[in-house]
Amino acid sequence: MSRCVRPLAWALAQAKAGQVLDLDGLPSKQSGRIVTPGTTARTKTCTTRTPEAAASRCKIRDWQVLATFDSELVRVSGAPILLQLGGEEDLSRSVRGTMGVKICCIGAGYVGGPTMAMIALKCPDIEVNVVDISKPRIAAWNSDELPIYEPGLDEVVKACRGKNLFFSTEVERLVAEADIVFVSVNTPTKTSGLGAGKAADLTYWESAARMIADVSKSDKIVVEKSTVPVKTAEAIEKILTHNNKGINFQILSNPEFLAEGTAIEDLQKPDRVLIGGRETPEGQKAVAALKAVYAHWVPEENILTTNLWSAELSKLAANAFLAQRISSINAMSALCEATGADVSEVAYAVGKDSRIGPKFLNASVGFGGSCFQKDILNLVYICECNGLMEVANYWKQVVQINDYQKTRFVRRVVSSMFNTVSGKKVAILGFAFKKDTGDTRETPAIDVCHGLLGDKALLSIYDPQVTEDQIRRDLSMNKFEWDHPQHLQPQSPTTLTKQVSVVWDAYEATKGAHGICVITEWDEFKNLDYQKIYDNMVKPAFIFDGRNVLNMEELRKIGFITYSIGKPLDPWVKDLPAAAN
Ligand code: UDX
Ligand code: ADP
């Protein structure tokens with residue numbers, strides 16, 4: 001063990017971002033450049049843990065603080081050394097295994113951004129670069145206004161950005177430099193050609209794979225992070241190995257299970273991390289390398305390793321099972337309305353069975369989000385391709401019930417309001433596909449709005465996290481168009497300006513309205529002053545709760561005519577001639 005480097009630590013302690021400084025006291029006087037903002041090497045007694053570091057001292061040209069926790073990890077001439085502050089505790093096994101590893105994630109979206117931020121936070125010894133072709137998206141990741149809203153994300157990003165977490169559009173350079181490349185790009189559903197409406201369009205994946213093959217000069221582990229159809233790895237492997245120049249690529253499947261709105265919690269304490277790889281010695285080595293990354297914070301027993309195809313299919317299966325539960329309870333909600341049962345009571349009673357469990361049994365206007373429908377359609381397509389028509393039809397029903405639920409909700413609204421909403425103002429509270437996210441991908445709000453607009457309603461929409469521009473784009477896009485990089489989506493939506501207004505306040509949205517539809521379960525909707533809202537509405541005033549979050553008893557007392565999914569029907573709604581089923 002060599003004593004060090006005290007001058008280097010001292011220089012770190014004094015240095016400021018961007019400053020060029022002389023590292024006095026080293027055998028060969030060299031200059032170093034701070035490439036990260038600020039540093040907090042606070043002690044003057046430092047030791048290096050690697051003998052090589054001492055040898056490399058005389059070669060120091062450039063260095064970089066990778067993280068600042070109890071210890072400082074410093075990259076010197078490309079080789080990392082750890083400057084320990086104070087004691088000489090042993091480094092953990094996992095940290096030793098990944099020291100100096102460079103990760104690059106292609107795709108700075110809902111999955112890539114938060115996942116890489118968590119890896120950077122938990123692995124100060126790893127440099128994490130997140131790259132994207134979208135300049136505005138990267139600019140936003142580098143600003144105070146992150147491009148996605150996710151509770152807790154700001155803090156995580158702020159803790160590591162500029163230290164060991166970087167966002168960049170220099171895709172090719174950073175991919176070339178990386179040891180592990182995560183790919184988290186769009187995988188839209190095909191809208192034309194073979195498998196249209198079901199199969200995944202792997203255009204973006206393929207172009208990412210070709211680029212990796214083109215720019216790579218060293219061996220790489222390529223990790224599928226975005227959900228892809230089973231056997232995608234095989235196709236990617238072919239692209240990579242066809243173009244290789246003696247470079248060894250190992251493909252892993254490491255599907256993400258985070259849910260939006262709770263992404264940080266899910267990443268911090270995942271139920272499981274799943275890593276699938278080839279069952280060859282090289283494949284298993286790659287699995288072990290990725291496992292070492294997660295082992296920084298995930299207990300080993302929660303890191304599952306499987307073969308590639310099991311990992312790919314597990315992701316589709318998990319999402320299909322979750323969506324199936326929602327379609328099951330939503331199917332029950334229709335029956336509850338017909339029979340006078342209460343869907344919340346049924347869900348509670350059913351969920352008390354420990355074999356079934358209580359989660360994911362909230363009846364709703366329908367599930368949304370970028371994954372459920374897309375993954376099930378994918379599953380259906382794979383089944384069909386394998387001649388498993390009965391299995392395909394079974395899963396198709398989950399999506400069909402979801403569509404039925406959205407249509408059923410619109411019918412309830414229209415039939416309750418004297419069978420027409422033409423020219424009537426209807427307030428839409430909530431546009432995101434669930435609370436605590438600004439994400440609108442496949443949100444049931446789109447179909448509900450289209451249904452009401454089809455009946456010539458005038459919509460006044462309010463969501464605390466979704467911008468007017470996004471809402472207008474969503475309402476003018478064709479099915480599946482949302483799942484392309486932003487610059488390839490329609491940019492200036494011009495339609496619907498007369499029928500749709502977007503406002504920044506629930507009171508404004510409901511003023512002068514005939515009816516209110518609650519589409520997203522934002523907490524703030526529970527605490528609105530409904531007396532005030534009622535007073536400002538046209539009578540009779542209707543409220544339709546698509547999430548079962550409002551206190552209907554109180555709303556009825558105020559004078560509202562109410563409807564909640566799967567709950568005993570208000571006499572007004574029940575006695576209507578036009579049955580909404
Ligand atoms: C989902 C999976 O949960 C996650 O593991 C996967 O990685 C990505 O897809 P996400 O789409 O972010 O995550 O949200 P999720 O919480 O699963 O909700 C999906 C939809 O189902 C939302 O529209 C939500 O409102 C709806 N939902 C959920 C219900 O209608 N009822 C429920 O009981 C639960
Ligand atoms: P997810 O929810 O899976 O994270 P997103 O749509 O939020 O999906 O993010 C995917 C990101 O991938 C987008 O920001 C898009 O610009 C980016 N992207 C797509 N193709 C490429 C590519 N070839 N190189 C870099 N980034 C890409």
Side-chain angles (χ1 to χ4, degrees), residues 104-116 130-138 140-141 147-148 150 167-172 174-175 181-188 202-212 225-228 255-263 266-267 270-272 315-316 318-323 325-330 333 343 347 351 358-375 402 405 430 432-437 439-445 482-489 519-521 546-549 565:
C104 181
C105 175
I106 308 176
Y110 284 90
V111 172
T115 311
M116 292 305 120
V130 189
V131 297
D132 203 292
I133 41 174
S134 163
K135 283 186 182 153
R137 207 162 218 192
I138 288 299
W141 278 110
I148 61 177
E150 189 64 60
F167 296 93
S168 170
T169 49
E170 280 192 76
V171 180
E172 296 187 357
L174 291 162
V175 165
V181 180
F182 285 85
V183 184
S184 188
V185 298
N186 314 67
T187 47
L202 291 176
T203 310
Y204 303 107
W205 240 107
E206 186 176 333
S207 91
R210 288 185 190 282
M211 183 269 295
I212 297 170
K225 199 66 188 162
S226 37
T227 310
V228 288
E256 187 50 70
F257 294 106
L258 67 80
E260 286 171 37
T262 54
D266 297 342
L267 286 164
D271 287 347
R272 80 302 208 184
K315 168 70 183 202
L316 295 184
N319 276 344
F321 279 40
L322 289 169
R325 273 175 83 92
I326 302 168
S327 279
S328 297
I329 199 68
N330 282 346
S333 76
V343 75
K359 293 184 184 167
F360 256 67
L361 287 177
N362 294 323
S364 67
V365 58
F367 61 71
S370 65
C371 285
F372 282 178
Q373 175 172 292
K374 187 167 77 174
D375 289 357
N402 199 47
Q405 187 76 344
F433 82 96
K434 64 174 186 178
K435 75 169 181 177
D436 290 340
T437 175
D439 192 354
T440 59
R441 294 177 294 177
E442 290 294 347
T443 175
W482 55 268
D483 203 1
H484 290 269
Q486 213 166 11
H487 62 283
L488 300 177
Q489 294 172 9
I519 306 295
T520 313
E521 71 280 24
R547 293 291 182 166
N548 291 351
V549 286
I565 303 266

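Quick note: residue numbers are just sequence positions, from 1. We count ligands from 1, going down the list as the structure has it; atoms in each ligand are counted the same way.
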Notebook entry, point to check: What orientation do Phe372 and Phe367 show, parallel under 30°, tilted 30 to 60°, or perpendicular over 60°?
Noted result: perpendicular
Notebook entry, point to check: Backbone N or O of Gly369 within a donor-acceptor pair of the Lys434 side chain at under 3.5 Å?
Noted result: no
Margin query: Need the ligand 2 atom indices (1-based, order shown) with element for anything under 4.0 Å from a heavy-atom of Ile106.
Written below: 24 (N), 25 (C), 26 (N)
Checklist line | Any donor-acceptor pair under 3.5 Å from Asn330 side chain to Ser364 backbone | finding: yes
Item checked: Contact summary for Glu150 and Thr262, nearest pair of heavy atoms -> OE2-N, 3.2 Å
Next item on the list: Answer side chain, backbone, both or neither: which part of Met211 comes under 4.0 Å from ligand 2, heavy atoms only.
Entry: neither
Margin query: So, regarding Ser134 and ligand 2 (criterion: nitrogen or oxygen to nitrogen or oxygen, under 3.5 Å), is there a contact or not?
Written below: no
Margin query: Using a 3.5 Å cut-off on N or O atoms only, is Ser226 in polar contact with ligand 2?
Written below: no
Next item on the list: Evaluate the side-chain proximity of Arg547 to Val365: yes if any heavy-atom separation is below 4.5 Å, no if none is.
Entry: yes
Checklist line | Sub-4.5 Å side-chain heavy-atom contact between Phe433 and Glu442 | finding: no
Note to self: Under a 4.0 angstrom heavy-atom cut-off, which atoms of ligand 2 come close to Gly109?
What the structure shows: 4 (O), 5 (P), 7 (O), 9 (O)
Next item on the list: Work out whether the distance between some heavy atom of Arg441 and some atom of ligand 2 is less than 4.0 Å.
Entry: yes
Checklist line | Close side-chain approach of Phe360 and Ile326, heavy atoms under 4.5 Å | finding: yes
Next item on the list: Below 4.0 angstrom from a heavy atom of Ser207, which ligand 2 atoms are there? Numbered from 1 as shown, please.
Entry: 23 (N)
Note to self: Check this for me - ligand 2, Tyr204, N or O atoms closer than 3.5 angstrom, yes or no?
What the structure shows: no
Check: Would you say the side chain of Ser370 lies within less than 4.5 Å of the side chain of Tyr110, judging by non-hydrogen atoms?
Finding: no
Next item on the list: Could you check if a side-chain atom of Ile106 sits within less than 4.5 angstrom of a side-chain atom of Met211, using non-hydrogen atoms only?
Entry: yes
Notebook entry, point to check: Out of Thr115, Val171, Asp132, whose heavy atom is nearest to atom 14 (O) of ligand 2?
Noted result: Asp132
Check: Going by the order shown, which atoms of ligand 2 are within less than 4.0 Å of some heavy atom of Val185?
Finding: 12 (O), 18 (N), 19 (C), 20 (N), 21 (C), 27 (C)
Check: Who are the side chain to side chain donor-acceptor pair (under 3.5 Å) partners of Asn548, not counting sequence neighbours?
Finding: none
Note to self: Quick check: do Ile148 and Pro114 have side-chain heavy atoms less than 4.5 Å from each other?
What the structure shows: yes
Margin query: Polar contacts were defined as any N/O atom of the residue lying under 3.5 Å from an N/O atom of the ligand; does this apply to Val111 and ligand 2?
Written below: yes
Item checked: ligand 2 to Asn186 polar contact by distance, N or O atoms, under 3.5 Å -> yes
Margin query: Residue by residue, ordered by chain and number, which ones reach under 4.0 Å of ligand 1 with a heavy atom?
Written below: Glu256, Phe257, Leu258, Ala259, Glu260, Lys315, Asn319, Leu322, Ile326, Phe360, Leu361, Asn362, Ser364, Phe367, Gly368, Cys371, Phe372, Phe433, Lys434, Arg547
Checklist line | Basic-acidic side-chain contact under 4.0 Å: Glu256, Lys225 | finding: yes
